[in-house]
Each structure stands twice: as C-alpha cells, then as structure tokens.
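Reviewing the structure listed below.
One-based numbering, in listed order, for ligands and for the atoms of each.
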Amino acid sequence: MKQLKIDLADRSYNILIGRNLLTRLGDHLSHLKSARRALVVTNPAINPLYGKAVSEGLQSAGLAVECVEIPEGETHKTLQDAQTVYNHLIANQYDRNTLLVALGGGVIGDLTGFVAATFLRGVSYIQVPTTLLSQVDSSVGGKTAVNHPQGKNLIGAFYQPRLVAIDLDTLSSLPADEFRAGMAEVIKYGVIADPQLFAFLEKNSEKILAKDTECLAAIIETSCAIKARVVEQDERESSYRMILNFGHTLGHAIEALTHYSRYKHGEAVAIGMVYAAKLSRQLGHCSADVVGQIAAQVERFGLPSGLPEFSAADYIETLYRDKKVHDKNIRFILVKDIGTVEIVDRVSEADIEKALTA
Ligand code: NAD
Ligand code: GLY
C-alpha cells in the first residue's frame, strides 16, 4: 500500500492507494477518535459490490454503521438527494461525532462532502472512491457540491475529507467507458505537470486499458501526488489551482451544450484538451508537435477528440455562462510544452472562434 499526505495544516489528510483496503479501513481511522457512528452514502449499483466490505472495515474500528442509498447518476447530485441524507441523519439522531463515508464515484463523493460540510455546521467525512475519475481527481482536494437546475456544482463548499482510501480492486467492476473517461484526467496531469507520466501513458496504454494493477497503482499515485501538491499551494483556487482545469473550459461548454447526456465528463475534457492545445498553438504558446502528441494520447485511450457541431456563437455564449467567468473574462489554461501550462486571461472571442473553426 502507498500512502501520500496532503499537507493543509489542520486540514491535512492521507491518501491511501492499495488493494484489499475496504475491510481494513478501520486500521486507518485512529485519528478520528471522537467518531462513534458512521453513515455510508452510496448508490444501489455500488452498495451490493462494496457496501459490506466497507461496513466491516468501519465496524472493526468500533463504529456503529448504517447506510443510505442515493439513486445512481449525475441527475441525483441535487439538494433533494442531499436532503435524503440529512433526513436519515436527523431521524436517527446523528450528532457531531458522526463520520460520513462516501462510497462511490464523483457524484457520491461531491454530494457526501457537501452534506458533511453542512450537517450540524460540519462533520468529518472520508472518501472511498470507486471510479478512476474519483480516484485521481474528485476525491482529493475538498471541492464538494450539488447541482442546481441552472448549472452544475453551483451549490457547494471547500471542505476537506479526513482520509481518501483508494482500493484498486474496485476498478475491476468499473465499465470500460467509465474507465476511459477517468483516463482523460490522468492525461491532464501529464500535460500540466509531468512529461514522464505522459510518456508512461504512451508506452503502457495497452496494459493500462487492461487494468494492470501495477500500472494503475503508478498512474493513480502520480496523479494524486500532482493534485495534492497543487491543492497544497492553492486550496481555494485563487489562482494556481486553475491549472487543474486544463481542457475543462471548453469541456464544460460541451457538457452544457449537449445537456450532460452525450458525453461523460472525461470525454468532454478530452475534446477540450485537444481544443486547448490547438488554441495554444494558434496563439504561439506551443508547437504543432505538442498538439499532435496530446491528440494522439487522447485517441490512444479511446477518447473523443473532435468537436461536436455547434456554431462558434453557441460555444462562445455557453463559455460566458460558465460559473467561473466574471467580467466577460474567458480564461483558458494553455499548454507550452508537455508538463508546462499557463493560465491565460481574456482570450478574445475572435481567437476562440478561429480555433473552433480551424
Ligand atoms: P459517477 O460518480 O456518476 O460514477 C460513474 C458511474 O459508475 C455511476 O453509474 C456509478 O454508479 C458507477 N460506478 C462507480 N464505481 C463503480 C465501480 N467500482 N464498479 C461499477 N460501477 C461503478 O461519475 P464519476 O465520473 O466518478 O464522477 C463524476 C462527478 O464528479 C461529476 O459530478 C463531477 O462534477 C464530479 N467531479 C468533481 C471533482 C471535484 O474536484 N470535486 C472533480 C472532477 C469531477
Ligand atoms: N477538479 C479540479 C479541482 O479540483 O480543482
């Protein structure tokens, strides 16, 4: 088992990466001395696979364990679904010594973190991520949220978990398309911070897609380490953390334009990364070779790279609606070379349009 630490003063925590971790969760909760009761939040697809092992792991630390299920899918990351968890907590008289346990992908993780941030003004929670995307990205860093009908993640809080326990065995049941979507975020880490990771992905794509455990451990550990270092420097995304949004500016617009139904988040990010690379090239930030490398990597992992057909006007209008856009400032993370990116403000509509239609 590998152990990484994310150093955030009194909000520091460990990220564990290994196999057969679920039943041994209790071995890693000694810092949560006041916790008496744990509520596992999960969904009906994941509970039958991993709910029992997680309950056993928590019980071995002397916790009384209950479970609440939220229906599966992004459409259930809402205040109403959070209310299901609050209702259970209140009806069963949970107090501040409660431990919430997010068992699932990013939907469950974001929602559980949001409930933890708000129930009784904040209780402890841990992340037990079961998708590749949640293992390399959403479980680490403390962004919690639910969606609003007007947009994704509009209601949320920065609230760090007390532990992230990544059990590689859970990926064995993850459908291939979900696995590939998670790979988009791994590719992102290579582009923003780590040419060696990028080269490792090029060399080992077949083994990775076959879920070779050693390869998975390596790429998940490297990804989490990169994310941890970024979050340590800028926990609340005042600036530097924005580099984690490479590929996300256009990716979010693609998700919104296709009503969050045609593409998985990672697929939209993959298209967004290739677009951001082309825009970088157009603006003189990188060479054509870098664009080619990023596009080839995306395609190597079976991810889409071509833009869905919307007009430039539709794209630009949707970019302006993003929650991160203020004062008509459309910001892109542009690539200079594999491993180096820069945050570029006020990219003009004309430049965005030129890259969209190139
Ligand atoms: P998800 O949580 O919807 O999970 C994808 C699907 O896989 C679901 O149907 C789920 O039931 C199923 N599943 C999960 N684990 C499984 C397993 N081991 N075996 C079989 N099936 C399994 O999707 P996701 O991609 O994990 O997360 C997407 C969410 O994450 C979005 O809501 C996004 O906004 C959020 N997100 C948050 C952050 C952050 O920093 N907080 C970062 C990136 C994404
Ligand atoms: N997923 C981007 C971030 O955590 O900042």
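- Among protein heavy atoms, atom 5 (O) of ligand 2 sits closest to Arg241 NE, 2.7 Å.
- Heavy atoms of Leu171 found under 4.0 angstrom from ligand 1: none, in either backbone or side chain.
- Distances from atom 2 (O) of ligand 1 to the heavy atoms of Val107, Leu133, Val269 put Val107 nearest.
- Side-chain atoms of Tyr86 and Thr118 include a donor-acceptor pair closer than 3.5 Å.
- Here is the list of ligand 1 atoms found below 4.0 Å of a heavy atom in Tyr50: 18 (N).
- Across Thr131, Asn43, Val231, Asp177, heavy-atom proximity to atom 26 (O) of ligand 1 is greatest for Thr131.
- When heavy-atom distances to ligand 1 are checked against a 4.0 Å cut-off, Glu178 comes that close only through its side chain, counted from C-beta outward.
- Only the side chain of Asp137 comes within 4.0 Å of ligand 2, judged by heavy-atom distances.
- Neither the backbone nor the side chain of Asn147 has any atom closer than 4.0 Å to an atom of ligand 1 (non-hydrogen atoms only).
- In terms of polar-atom proximity, Lys188 is not counted as a contact of ligand 2, lacking any N or O under 3.5 Å from an N or O of the ligand.
- Within the listing of ligand 2, atoms 2 (C), 3 (C), 5 (O) sit less than 4.0 angstrom from a heavy atom of Leu244.
- Residue contacts with ligand 1, taken as heavy atom pairs separated by less than 4.0 Å, involve Leu174 via backbone and side-chain atoms alike.
- Contact annotation for His76 and ligand 1: no heavy atom of the residue comes within less than 4.0 Å of the ligand.
- One distance of note links CG of Leu171 with OG1 of Thr131; it measures 8.0 Å at 0.5 Å rounding.
- Counting only N and O atoms by type, the side chains of Lys77 and Asn153 include a donor and acceptor under 3.5 Å apart.
- The aromatic rings of Phe332 and Tyr275 are tilted relative to each other, their planes meeting at an angle between 30° and 60°.
- Across the listed options Ser173, Ser139, Gly106, Gly142, Gly106 owns the non-hydrogen atom lying nearest to atom 24 (P) of ligand 1.
- Of the candidates Asp234, Asp137, Asp194, Lys227 forms a salt bridge (charged side-chain N to carboxylate O under 4.0 Å, His left out) with just one, namely Asp137.
- Asp169 and Ser172 are not linked by any side-chain donor-acceptor pair at a separation below 3.5 angstrom, with hydrogens and angles left out of the test.
- Heavy-atom contacts of Glu72 reach the following atoms of ligand 1: 8 (C), 9 (O), 10 (C), 11 (O) (cutoff under 4.0 Å).
- By the criterion of a heavy-atom distance under 4.0 Å, the side chain of Lys227, and not its backbone, is placed next to ligand 2.
- Side-chain contact annotation: Ser12 with Gln160, donor-acceptor N/O pair under 3.5 Å absent.
- For Glu185, no heavy-atom contact with ligand 1 is shorter than 4.0 Å.
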